[in-house]
Amino acid sequence: MNSIIITGGAGFIGSHLVRRMVKKYPETKIINLDALTYAGNLENLRDIENESNYTFEKVDICDFSAVISAFKKHNPDGIIHLAAESHVDRSISNPIAFVNTNVVGTVNLLNAARELWKDNMDGKRFHHVSTDEVYGSLGDTGFFEETTAYDPRSPYSASKASSDHFVNAYFHTFKVPVIMTNCSNNYGPYQFPEKLIPLMINNIIQKKALPVYGKGLNIRDWLYVEDHAAAIDLVFHKGKLGESYNIGGKNEWKNIDLVRLLCQQMDEKLGRTKGESEELITFVTDRAGHDLRYAIDSSKIEKELNWFPSLQFEDGLSKTIDWYLENKEWLQRVTSGEYAGYYDEMYKNR
Ligand code: NAD
Ligand code: TYD
């Protein structure tokens, strides 16, 4: 492809994907389209920002005229769409922001792609990056398959499910060449410390309380972010148009067990007494409508595209902790300003 627009490239997963694509495809122009909300940070891409095939455009995907002019300017053959409001707790406090970016923003991008590619859709691809949360919540057994009925239960997952339906509708109605991935929980460097793992790492460093929701029995399936970026690259280039692919780590952890493992690894790395950080664990009021368990069946992408997760969780977690310890300035910068207000507001009544 000559050029690919990646939306949300200044965020957590987007920055890993942009870095991968810029380095792996030097002949392809990679355009990062991002509004730079609280979650977007160009510092995440400092190491590649001067590469000749990389460009940044500050665009809010809710603004159709800004989107279409960026599309006309760069004339992409491919779009990989990650820009979103992505945190469930924020979606409970402010659902409308999720409707705007995740639903209206996605439809704006689909309309812009349709307009740009109206004379010839051959060789074009619109890849929508979604989540396993659209499938709802599992009990103790079973896995989400691509055919599992959607059953979103938080404003975040409802907005992502809605965007997924629009993506499929544009394939069937307007023949926009779409493809979709639904991934489980990611972790790794550059994740904003509102999400479980980096929030706990940050609090452990500072010896602050570790707020575990409810009894800590909820289960998530964790995948290292670079494995997700590799899967997106593969599906974008080799997947079948009109289809969706589930991506997961085969790596289920109860929150409380995960937080304990984090505490153990960090006590060792920080030279603290064994058990010291675990004493910071505090059980707090549960999240409203808290989904019990997510677990992905990723056999389709394994069989059809030969993708597998590359890292053991303990190793990925250790790498992640090392990154945060080596990048304390990044952590300090993203937690200064707006973050303190967010944290107080989100955790004060728990
Ligand atoms: P993130 O919150 O770290 O980053 C989101 C990015 O989108 C930021 O750079 C932000 O500035 C940008 N953005 C937000 N609103 C925008 C707007 N209106 N216009 C343009 N840019 C905007 O998110 P993430 O964790 O990297 O997730 C990326 C995508 O992957 C999302 O679509 C999310 O639903 C999906 N996903 C995330 C996970 C996960 O565990 N984090 C798992 C599966 C799927
Ligand atoms: P999160 O990282 O917000 O991802 P998601 O809700 O999209 O799966 O949360 C992961 C799990 O950790 C989820 O079950 C909620 C729980 N959690 C806590 O117990 N404490 C916290 O402070 C946070 C942010 C999450």
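Numbers here simply count residues along the sequence, with the first being 1. Whatever order the structure lists ligands and atoms in, that order sets their numbers, starting from 1.
Residue contacts with ligand 1 include Tyr156, since one of its heavy atoms falls under 4.0 Å from the ligand. Heavy-atom separations between Ser15 and ligand 1 are all 4.0 Å or longer. The closest approach between a heavy atom of Ser184 and any atom of ligand 1 is below 4.0 Å. Residue contacts with ligand 1: Val59 is included, with a non-hydrogen atom under 4.0 Å away.
No part of Asn102 comes within 4.0 Å of ligand 1, judged by heavy-atom distances. In Val129, the parts holding a heavy atom less than 4.0 Å from any atom of ligand 1 are both the side chain and the backbone.
Taken together through direct or relayed side-chain contacts under 4.5 Å among Ile, Leu, Val, Met, Phe, Trp and Tyr, Phe64 and Val103 form parts of separate hydrophobic clusters. Linking ILVMFWY residues whenever their side-chain heavy atoms come closer than 4.5 Å, directly or via other members, places Tyr343 and Met200 in the same cluster.
Considering Ser130, Ser244, Ser159 as possible partners of Asp164, the one that fulfils the side-chain hydrogen bond (donor to acceptor under 3.5 Å, both in side chains) test is Ser130.
The ring pair (Phe, Tyr, Trp, His ring centres under 6.0 Å) contacts involving residues 265-284 comprise nothing, where partners must be two or more places apart or lie in separate chains. The ring pair (Phe, Tyr, Trp, His ring centres under 6.0 Å) contacts involving residues 233-266 comprise Tyr25-His237, Trp253-Phe313, where partners must be two or more places apart or lie in separate chains.
Residue-to-ligand polar distances keep Glu85 apart from ligand 1: every N/O pair is separated by 3.5 Å or more. In terms of polar-atom proximity, defined here as any N/O pair under 3.5 Å, Gln191 makes no such contact with ligand 1. Checked against a 3.5 angstrom limit, the closest N/O atoms of Glu194 and ligand 1 fall outside it. Checking only distances, Gly9 never comes within under 3.5 Å of ligand 1, N or O to N or O.
The pair Glu146-Lys303 does not meet the salt-bridge criterion, since no charged nitrogen lies less than 4.0 angstrom from a carboxylate oxygen. Of the charged side-chain nitrogens involved, none lies within less than 4.0 Å of a carboxylate oxygen, so that Arg220 and Glu252 do not count as a salt-bridged pair. Ion pairing between a basic and an acidic side chain is recognised when a charged N comes within 4.0 Å of a carboxylate O; Arg125 and Asp77 show no such pairing.
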- Give the intermediate values and the outcome of side chain to side chain contact (heavy atoms under 4.5 Å, CB included) for residues Leu116 and Lys72. CA-CA 7 Å; Leu116 188 75; Lys72 286 189 172 153; 4.2 Å; yes

- Message: One pair to check against side chain to side chain contact (heavy atoms under 4.5 Å, CB included): Tyr224 and His16. What are the steps and the verdict?
- Response: CA-CA 11 Å; Tyr224 193 68; His16 287 274; 5.7 Å; no

- Mind running salt bridge (Lys or Arg N to Asp or Glu O under 4.0 Å) on Arg19 and Glu49 for me, showing each step along the way? CA-CA 9 Å; Arg19 177 175 298 101; Glu49 69 186 2; over 6 Å; no

- Give the C-alpha distance, both sets of side-chain angles, the deciding distance and a yes or no for salt bridge (Lys or Arg N to Asp or Glu O under 4.0 Å) between Glu226 and Arg20. CA-CA 9 Å; Glu226 285 179 4; Arg20 178 187 177 90; over 6 Å; no

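For ligand 1 and Asn185, the ligand atoms under 4.0 Å from any heavy atom of the residue are 40 (O). Atoms of ligand 1 found under 4.0 Å from any heavy atom of Ser130 (numbered from 1 in listed order, with element): 43 (C), 44 (C). Of all the atoms in ligand 1, the ones that sit under 4.0 Å from a non-hydrogen atom of Asp60 are 17 (C), 18 (N), 19 (N). For ligand 1, the atoms sitting less than 4.0 Å from at least one non-hydrogen atom of Cys183 are 42 (C), 43 (C), numbered in the order shown with element in parentheses. The Leu36 neighbourhood of ligand 1 comprises atoms 11 (O), with distances under 4.0 Å to a heavy atom of that residue.
For atom 19 (N) of ligand 1, the nearest protein heavy atom (residue, atom name, distance) is Ile61 N, 3.0 Å. From the protein, the heavy atom lying nearest to atom 25 (O) of ligand 1 is Phe12 CD2, 3.7 Å. For atom 22 (C) of ligand 1, the closest non-hydrogen atom on the protein side is Ala83 CB, 3.8 Å. Remark: minimum distance from atom 32 (O) of ligand 1 to any protein heavy atom is reached at Lys160 NZ, 2.7 Å. Ranking the protein heavy atoms by distance from atom 1 (P) of ligand 1 puts Ser86 OG, 3.6 Å first. Atom 9 (O) of ligand 1 has its closest protein heavy atom at Asp34 OD2, 2.6 Å. Taking atom 31 (C) of ligand 1 as the reference point, the nearest protein heavy-atom neighbour is Leu82 O, 3.2 Å. Scanning the protein heavy atoms around atom 37 (C) of ligand 1, the nearest turns out to be Ile13 CD1, 3.4 Å.
The aromatic rings of Tyr294 and Phe144 sit tilted relative to each other, their planes meeting at an angle between 30° and 60°.
Selection from Gly14, Gly248, Gly105, Ala84 by nearest heavy atom to atom 14 (C) of ligand 1 gives Ala84.
In the hydrophobic clustering (ILVMFWY side chains linked at under 4.5 Å, chained through shared members), Tyr156 is joined by Val88, Ile92, Phe98.
Taking a 6.0 Å sphere around NZ of Lys215, one finds it holds 12 or fewer heavy atoms contributed by other residues, nucleotides or ligands.
Tyr190 and Trp323 have their aromatic ring centers within a separation under 6.0 angstrom. Taking the six-membered ring for Trp and the full ring otherwise, the centers of Tyr135 and Tyr150 sit less than 6.0 Å from each other.
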Quick one: table the atom pairs, ligand 2 N or O against protein N or O, below 3.5 Å, distance rounded to 0.1 Å.
unit_1, atom_1, unit_2, atom_2, d
ligand 2, 2 (O), Leu196, N, 2.9
ligand 2, 3 (O), Arg287, NH2, 3.0
ligand 2, 4 (O), Asn185, ND2, 3.3
ligand 2, 6 (O), Arg287, NH1, 2.5
ligand 2, 6 (O), Arg287, NH2, 3.4
ligand 2, 7 (O), Glu133, OE2, 2.6
ligand 2, 8 (O), Asn185, ND2, 2.9
ligand 2, 8 (O), Arg220, NE, 2.7
ligand 2, 12 (O), Asn255, ND2, 3.4
ligand 2, 14 (O), Arg220, NH2, 3.3
ligand 2, 14 (O), Asn255, ND2, 2.9
ligand 2, 14 (O), His290, NE2, 2.7
ligand 2, 19 (O), Tyr213, N, 2.8
ligand 2, 20 (N), Pro211, O, 2.8
ligand 2, 22 (O), Pro211, O, 3.4
ligand 2, 22 (O), Tyr347, OH, 2.7

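Judged by distance alone, the side chain of Gln265 and the main-chain N or O of Leu262 form no donor-acceptor pair under 3.5 Å.
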